[in-house]
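Right, one structure below, let's go through it.
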Number of protein chains: 2
Amino acid sequence: MNDTPANKPATITPAPRRSRRKSGGITLRDVAALAGVAPITASRALNTPSAVSEHILQRVKEAVEKTGYVPNMLAGGLASRKSRLVAAVIPTISGNVFLEVVQSLTATLAGYGYQLMLGQSGYEDSREDELLEAIIGRRPDGVVLTGIMRSAQGRQRLLNSGIPVVETWDLTDNPIDMLIGFSHEKVGEAVAQYLHRRGRRRVATLSANDQRAQRRMKAFSDTAVALGMALPGEATVPGAMVPAPTNVGMGRGGLRELLARHPDIDALFCSSDTVALGVLTEAQAQGIRVPEQLAVVGMGDLSFAADLYPSLTTVRIDGARIGALAARFIVERSQEREVRDGIVDIGFSIVERESA
Amino acid sequence: MNDTPANKPATITPAPRRSRRKSGGITLRDVAALAGVAPITASRALNTPSAVSEHILQRVKEAVEKTGYVPNMLAGGLASRKSRLVAAVIPTISGNVFLEVVQSLTATLAGYGYQLMLGQSGYEDSREDELLEAIIGRRPDGVVLTGIMRSAQGRQRLLNSGIPVVETWDLTDNPIDMLIGFSHEKVGEAVAQYLHRRGRRRVATLSANDQRAQRRMKAFSDTAVALGMALPGEATVPGAMVPAPTNVGMGRGGLRELLARHPDIDALFCSSDTVALGVLTEAQAQGIRVPEQLAVVGMGDLSFAADLYPSLTTVRIDGARIGALAARFIVERSQEREVRDGIVDIGFSIVERESA
DNA sequence: CTGAAAGCGCTAACAA
DNA sequence: TTGTTAGCGCTTTCAG
């Protein structure tokens, strides 16, 4: 047995193993080195140029140009707790109803240097929880809930997350946080009154089966009954229902169904312009004159509404304003300390055109 | 002078200052502590459950439940270089043309645990570079370019970034990476041939001024001329042009303009279903019978096309398939090492309905 | 199967 | 104005 320890190193100090996770990408470090400054200085040059001398600013900019550096927002967001990401949740993009909101949200946010992450919840609550987890996991600087019905559990999770939330497309009594919407009940009332003023006395509804649409229809029906636009003694007005999201075919089928049951209706309030387009189409196919025999009112003032024949009387919601306001709320909230609550009723207007 | 050093601490060791960036949030560390394991073990329990004993898996799950822990994907993405984010760039969401793609992209990605970030480039190239920077900065696992015309500079930046790119809605000769599209030229040809078979001999076009639409129209026109559907000696077919994105009003105005110049046309190829709807509407308003006097062909097979009166003959593109394929490409690419290129011609079909 | 150590790329806090 | 230091919360690498 030989006990010479010759084979054993005298000290245990291992050779410092080299970094095993080289990225290959250009980092702020590289830019800083090239500019001959500390990384934090380069960071300042990019994020708060005013806090850096003109001379250094120039050198950093050159270095960025030369290297093609693009800041890693994951790293930046992790360190600063500002992701500059905003999540939007909509039932579905294919309904067209929320397009204007999403469009203006994206555009306005981009102007502030924020990006939009899109989540579709569907009209059922089932996938919502999964979606919420994915959203919260990204630590967005804000969440915009667009026309969505949240579970109590979902509300709670959002609250717990501490992320600013803007609820839109509705007015509720106890918003999570900020709120930009309008009263669906008032819409229903206003349309009923409008049709009453126009002399209609046998009104009906054609509605999607989503919550908000039904609230509009309920208010419409109640007001119509009160105004004497229903059959004597009836507590509601004739109506047909179709699944959300709606399409043109549902409008056509809905009108057929309604006419089969109530051939004598003289006005129809549709829960969306898409459905209304279907109604106009079916009326044309059947030779029913609009508005002489049947007045039609839509909802949403989608881009085609003004150009139909006859042009469509409808309820206009300023989706672009909703989007822009929501974006501003979130950006301001994430930049200021102030916890100013925002609750905005953006209202609606009845756009009077030929169909009613 | 008293030089007793009593007021001075004997050693310079400062009290270890407490962390000045407490988050307040629950982290993996908290979960691990509660479960009595190391953070990395908790991480494994969540990401690769099969690499962890049943016993520990259970405890970690309980801890997650108890704490309401939601993983921070910014941190995870930074460490693992996998953001599980995919960026989509579309000209505008309000055109309706790309809705189906975005819809299926979002849904398919969600199924894999990925989210979609939406960027609108507009139809001009100006804002594109800004947008690219924002996108690359998020280090997405993939970028889907939908119907967009990229600048050479943009192409280069994307290439340099090393991010997988799927170009869609077109077939080009030298794709950046993956490609899912169809031939706009073949669409134009096919529609011309279709109208020729149907006996039309005085065709015209009504097109948006975007690149792809114009390529369809060019091929349509060339084929029509070759088939003898133009005035003798003319190298093109009558046409009107409107700005993208199109709307129904443009279809109405376009038809008026065309008829003023060429009252005798008997068929019209529109660059979008939206325009075609405007054409049908204007025809109805003017008492022009479709298809007897004027055949109308749209493009896109939007959801309303089948339900118009007359129903709209159009060119169908399977947008849902484009979205699903793009999502799969990116997810596979980001999970496997394989650099299998994907180029798919998804083709198109002419949906024969009443309007032509 | 489990853990310790070492970052990912950036910025907040403090110090000069 | 500039720099030093110490993380943000997670996962990779390497070692049991």
Side-chain angles (χ1 to χ4, degrees), chain A residues 12-33 35-60 64 67 69-84 136-139, chain B residues 12 14-33 35-60 64 67 69-84 136-139 161:
Chain A
I12 316 188
T13 317
R17 41 191 184 197
R18 52 162 168 59
S19 172
R20 40 247 152 87
R21 277 151 91 185
K22 54 154 210 185
S23 70
I26 291 136
T27 71
L28 187 60
R29 214 193 173 93
D30 303 323
V31 172
V37 297
I40 182 65
T41 303
S43 171
R44 287 188 184 115
L46 296 176
N47 297 317
T48 46
S50 61
V52 133
S53 72
E54 187 58 37
H55 172 239
I56 285 193
L57 180 59
Q58 212 49 47
R59 303 187 41 150
V60 171
V64 167
T67 54
Y69 170 70
V70 179
N72 184 329
M73 299 185 79
L74 267 64
L78 179 59
S80 69
R81 303 168 171 299
K82 286 194 167 31
S83 63
R84 290 178 160 267
I136 296 173
R138 302 253 175 221
R139 303 296 190 267
Chain B
I12 316 186
R17 40 187 184 198
R18 53 166 166 58
S19 172
R20 40 245 153 91
R21 275 148 94 187
K22 57 156 208 185
S23 71
I26 290 133
T27 71
L28 187 60
R29 214 193 173 94
D30 304 322
V31 172
V37 297
I40 181 62
T41 302
S43 170
R44 286 188 185 114
L46 296 176
N47 297 317
T48 46
S50 61
V52 134
S53 72
E54 186 58 38
H55 172 238
I56 285 190
L57 181 58
Q58 210 50 45
R59 302 186 43 151
V60 171
V64 167
T67 54
Y69 169 68
V70 178
N72 183 328
M73 299 185 80
L74 266 63
L78 179 59
S80 68
R81 301 164 174 299
K82 283 191 169 32
S83 63
R84 291 181 159 265
I136 296 173
R138 302 254 176 221
R139 303 295 190 267
S161 75

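So that the names make sense, note that chain A is the first sequence line, chain B the second, and so on, each numbered from 1. Computation of the quantities below employed the complete heavy-atom set of this structure, encompassing side-chain atoms and omitting hydrogens, waters and symmetry-equivalent molecules.
For A/Asn72 and C/dC8, the shortest distance from a side-chain N or O to OP1 or OP2 is not below 4.0 Å. Close to C/dT11, at under 4.0 Å from its OP1 or OP2, lies a side-chain N or O of A/Ser43. Taking 4.0 angstrom as the limit, B/Ser53 places a side-chain polar atom (N or O) nearer than this to OP1 or OP2 of C/dT2. For D/dG3, one of the phosphate oxygens OP1 or OP2 lies less than 4.0 angstrom from a side-chain nitrogen or oxygen of A/Thr41. In this model, the phosphate group of C/dC10 is not approached by any side-chain N or O of A/Arg81 to a distance below 4.0 Å at OP1 or OP2.
Both B/Val52 and B/Ala75 sit near DNA chain C, but only B/Val52 has its closest nucleotide nearer the 5' end. If you find the closest nucleotide of DNA chain D to B/Gly76 and to B/Arg44, the one lying nearer the 5' end belongs to B/Gly76.
Side-chain atoms of B/Thr41 and B/Ile56, non-hydrogen and from C-beta on, do get closer than 4.5 Å to each other.
No donor-acceptor pair closer than 3.5 Å links the side chain of B/Ser161 to the backbone N or O of B/Ile136.
With rounding to whole Å, A/Leu78 atom CG is found 12 Å from D/dT11 atom P. The CZ-C1' distance, from A/Arg29 to C/dG9, rounds to 9 Å in whole Å. As a whole-Å value, the separation of A/Asn47 CG from C/dA12 P is 8 Å. Atom CD1 of A/Ile40 is separated from atom P of D/dG3 by 10 Å (rounded to the nearest Å). Here C/dT11 presents its C1' atom at 13 Å from CZ of A/Arg84, a figure rounded to the nearest Å. Residue B/Ile136 contributes atom CD1, which lies 16 Å from atom P of C/dG9 at whole-angstrom precision. Atom NZ of A/Lys82 is separated from atom P of D/dG9 by 14 Å (rounded to the nearest Å). Atom C1' of nucleotide D/dG9 and atom CE of A/Met73 are separated by 18 Å, given to the nearest angstrom.
Heavy-atom minimum distance, A/Tyr69 versus A/Leu46: CE2-CD1, 3.7 Å. For the pair A/Arg59 and A/Ala35, the tightest heavy-atom approach, listed with the atom from each and the gap, is NH2-O, 2.8 Å. Here the closest heavy-atom approach between residue B/Leu74 and residue B/Asn72 is recorded as N-OD1, 2.8 Å.
Listed nucleotides: C/dG3, C/dG9, C/dC8. Nearest to the side chain of B/Ala38: C/dG3. Counting only heavy atoms from C-beta on, B/Thr27 has its side chain closest to D/dC10 among C/dG3, D/dC10, D/dC8.
Within 4.0 Å (heavy atoms only), B/Pro39 reaches no atom of the nucleic acid at all. Counting non-hydrogen atoms under 4.0 angstrom, B/Leu74 reaches nothing in the nucleic acid.
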